[in-house]
Amino acid sequence: MNPRIWARDLALGARFAVTGGRSGVLRTLLTAAGVGFGVALLLLASSLPNMLFQREVRESARAPDASHRMIEEPGPGTFLHYTQYSSYRGAALSGLLLKPEGPGAAVPPGTDGVPAAGEMLVSPALGRLLGSPEGALLKERLPYEVVGTIGEPGLIGPNELRYVAHAPFLTTDNYDGRGLRYGWSVPEEPMNAFLLLLVVIAYVVLLLPVLVFIGTAARFGGEQRDRRLAALRLVGADNATTRRVAAGESLAGALLGLVVGAGLFLASRQFAGTVEIWDVNAFPSDVVPHTLLALLVLAVVPVSSVVVTLLALRGVAIEPLGVVRTSTPRRRRLWWRLLILAAGAALLVPAVGGIQVEDTGIDTFTIGAGTVLVLIGLTGLLPWLVEAAVKRLRGGPVSWQLAVRRLQLSSGTAARAVSGIVVAAAGAIALQMLFQAMEHTFTAETGHDTSRAQLQTSLDARDGADARRTIDRLAAVEGVTGVIGTVDSHVYRHGPLKPGEEFRPIAPFSVGDCASLREYAVLPSCADGDVFVVVPPKGATDAPDAPRIRETARPGALVTLRDPAETKGTVPEWRIPATARVVTARPDPVGLHRYGVLATPRAIGAAPLENPRSEVLVRLDPSLPDAPEVVRNAALEIDPTATVRGLSDTEQSSKFLSVRTGILVGSTLTMLLVAASLLVATLEQLRDRKRLLSSLVAFGTRRTTLGCSVLWQTAVPIALGLALAVAGGLGLGSVLLAMTGQRVHDWWVFLPVVGVGAALIAAVTLLSLPLLWRLMRADGLRTE
Amino acid sequence: MNTAPLLEATGLSKAYGPTAALSGADFALRAGEVVAVMGPSGSGKSTLLHCLAGIVRPDAGTLAYDGRDITALSDTARSALRRTDFGFVFQFGQLVPELSCVENVALPLRLNGEKRKAAEARALEWLARLEVDDTAAKRPGEISGGQGQRVAVARALVSSPRVIFADEPTGALDSLNGERVMRLLTDASRDTGAAVVLVTHEARVAAWSDREVVVRDGSVRSSEWAA
Amino acid sequence: MSIGHTLLGLLEAGPRHGYDLKRAFDERFGHDRPLHYGQVYSTMSRLLKNGLVVVEGIEPGGGPERKRYAITDAGITDVADWLATPEKPEPYLQSTLYTKVVLALMTGRGAAELLDTQRAEHLRLMRELTRRKKDGDLADQLICDHALFHLEADLRWLELTAARLDRLAEEVRR
């Protein structure tokens, strides 16, 4: 193999590609567009890990110093900080509340200085929101004056809603911590196993159709290229040379495609900030492809274009007087196709159950290779399947006969074009399954019962009475239809520490009305003045301190209401009434069990409780979409450090919905690419048979007959391909799910993908009809 | 022979873009006769055939088939007429390469709605009659040009048409094969009573006809009834 | 080839001397074989006798070449009949056919029609041969084929001539 000769021949071919007449250039451009599109998708996919990593880097860089060393004393450079998470109409919102303790307090990243008391800096997106009528409600929630903007270093994405406020009310009682500076070390391995797996699979699913497309594109414009190659042979080029020249033609398209792809990538990068998937949006500068993956694309695309072309010309003899295709192709064998599939399965199956979602060090190579092998195996299976299936077809109307016979004679052409669909569809189905499982896991684990309450908040109170008032205030907010409210604290076992005890056993203690208490326990009856004891059942997984709760919360036992070790002076005591009934816990709307002592207000005054908190679950009027925002505003007004959690899982699902839509869009675009090549192949085939079509028209063949035959000819391979993709995708998906120890939740995920496939069949057929109609005019018969 | 013509055209004109292929051509065909349409290339022979067969709608002129004006018929109706009453043989590229020869011959019958078995049985008879029954199971790519044309003739005859339109049916064949095709075509058409419109530029092929007409510059120059 | 018809046709353009007639004939048709004066003399006297030409005047000096001939109406009809009658298709007809075509052009008669008529005649014979060949044995077939190929060659020549009639007409008129 002489590199100089190779270079010469490839260059000659590349020249043909760009100077080969109108159709030659068109073919090159089509190839370049297809490859470029695929390359852009690949580069975007390979940017995903870095994009997410950069978010973590930014997140860490702006986090107040959280070194484990506590700063006990205020100093000239210290500041108190509190990070507030909230949401506004479904969009995440976060704020850093600061209170400098000296003149030298560090400046938060992205700002010029700490704002003065009562003032805040906002991200550009938040500034826009606050300045618009949509932000009116939010303005009420943030009682600070906007004095400036947070720069890029202080944000994780261009669309982030973020504020940095000087909050004079921060104390060591309600703060997150005392800081000296910002930023802490960044984790080395940023991705969890699941996400990494997703990226690997997405990558493979995108790369393979691009390769398939290159393979199909190598066969575009067959007739004309055949003539050109034959002419080369006629002037004395040997067989190997002509093959290299042909490869050079494809190479030109592929290289041009790389350029187009890089351009598309750079252009689409600029939109990274405007697109928000899964609450993630990124600065264009953070969308940088993973070096190794990018190099892989740059190498694989051109090399494969050469290899694929050489492979494609395998069964073809380029003779000086024309190109001869071996008329009876070799019978397709099944065993090696199954072997690839089996090899892939062999790599994947041992990993079943071996991956935890939190893992970061998954065996990317094994899983990636396994997935690639399975998808390649599926693709390889298609030509065999099409051949085997079509061989058995017979009978039917004329249009069916025409299509079937055509497929029987050259099923390879159709199967090759369609194999891209198999990879894209199978991959998309597997990904859909993974995401659906993830979605299910996330919503199932929250265990929220949104029919009982939609918001949850817990607020600090000075004393029991204050906590009571807080509950009443929230109950009165507009749009609130019901409140489950308790004043929560703890009770401590009476008496001295027993030997071996490091601290006094405690049990949670909640005071609330009967209606509220019923949300936490199954009460046979309840009247004001009643007390209940909820003991964790044996083997309860959510009560690690069950023995201590059992020891403390007993009917008739004496308890203290504050920790005697921490309290000076007299400790208020209380005897749990002997009449207190032991009841079983009931999961609250958040999905948690509350064990310990439940008391109605008349049984004990709330006043003596230690550090009580108001635990409030709110039911909202569903007809008022802004009700959650009003409640959040009210809660923050009562307690500026309050956190309000939405129990509704709709937010969570919509995040996943957008990812799944993204996958569907991505796979649709990939399949569209395949459909485009299929369309080109169909159009070329039609043009090649101009005479035949005209003569068929001459003896009275109906348009519909020929139109239907084009439809069947497209539909049969795609339908077989989709069937294979559905089977393979579901199989691959369940193996991958089993790997992460999850179950398949919905076997019907493939329906949208199949729908897209059906749409493609229709599109290819419809788009070839105009040419068919045109060719069916008698012009094709004209010889003069 | 004083019967009314089976197919009669008067003043046919047809232009493709700026070039006039036919300008006022008259033509008449009686049932069962074989008429050669001769003329230099570019004279409009094929266009005349396409117009006569209702494949192309003429820009001007009238066309009557079996006493019925078919100029104004819809595309669908003309297609149906071609399916039932006409047969076609072209120079090349008319056999569907994926279908076997017997399937190719059966095609017109199947387009007319006949059942596959019956259609193929009759196709086989015609293949035998044209001495190419050994090609029945083969595909067009696997047989010789002469055999292919005979298969095409079988296909033109299988639906018992009243007119066969043959456009240079021997154009791609050598003398011997061409002669064989012409002999079989004319014999078969005489046996079945089908008229033949035979477009050719070769005198030896035209010699198989009953009479000839010459197309020159888009009009039919001489048209005399055979003795 | 009929010299008499040819000379008559040449006279249609206007009266000529015998000498002029010979020169005109040689120029147009006598490429390889010029006419002898004797041939002109005997032909003209035959035409004179049949009333197809008349002597319009005699130059001093005597001899047939000094006579000025003019065509009669009967002569014109005779030329027309000759041109309209197809030649019996046989090999090596070209020179006759060529003469006929040129004369037709010179005399303003339809050369294309002449060719069409001739083609029809050729085809009639070819049809006959084809029929004979179809029913005959191999020897018949071979003999008929030989004739057919020759006739076909003639027909091709006819086609070619027909296609070049315009150019020929130009040259003839010059």
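In what follows, chains carry the letters A, B, and so on, assigned in the order in which the sequence lines appear, proteins first and then strands, with residues in each chain numbered from 1.
Rounded to the nearest 0.5 Å, atoms CZ (R82(B)) and OG1 (T701(A)) are 8.5 Å apart. The structure places CZ of R155(B) at 5.5 Å from OG of S695(A), a figure rounded to the nearest 0.5 Å.
The two residues A698(A) and F88(B) come nearest to each other via the heavy atoms O-CE1, 2.9 Å. Of all heavy-atom pairs spanning D75(B) and R703(A), the tightest one is OD2-NE, 4.4 Å. Closest non-hydrogen pair, F699(A) versus R83(B), comes out as O-CG, 3.5 Å.
In this structure, the side chain of R406(A) does not engage the main chain of E98(B) through any donor-acceptor pair within 3.5 Å. For the pair R689(A) (side chain) and V96(B) (backbone), a donor-acceptor distance under 3.5 Å is absent.
For the 3.5 Å distance criterion, the side chains of R110(B) and Q401(A) qualify, holding a donor opposite an acceptor.
Looking at L696(A), only its side chain comes within 4.5 Å of chain B, counting heavy atoms on both sides. If you measure heavy-atom distances from L95(B) to chain A, the contacts under 4.5 Å come from the backbone alone.
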Listed pairs under 3.5 Å, donor-acceptor, residues 704-714 of chain A side chains, sequence neighbours left out:
from, atom 1, to, atom 2, distance (Å)
W712(A), NE1, S399(A), OG, 3.3
Q713(A), NE2, Q685(A), OE1, 2.6
T714(A), OG1, V710(A), O, 2.8

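Counting heavy-atom pairs under 4.5 Å between each of G87(B), G141(B), P97(B) and chain A puts P97(B) at the top.
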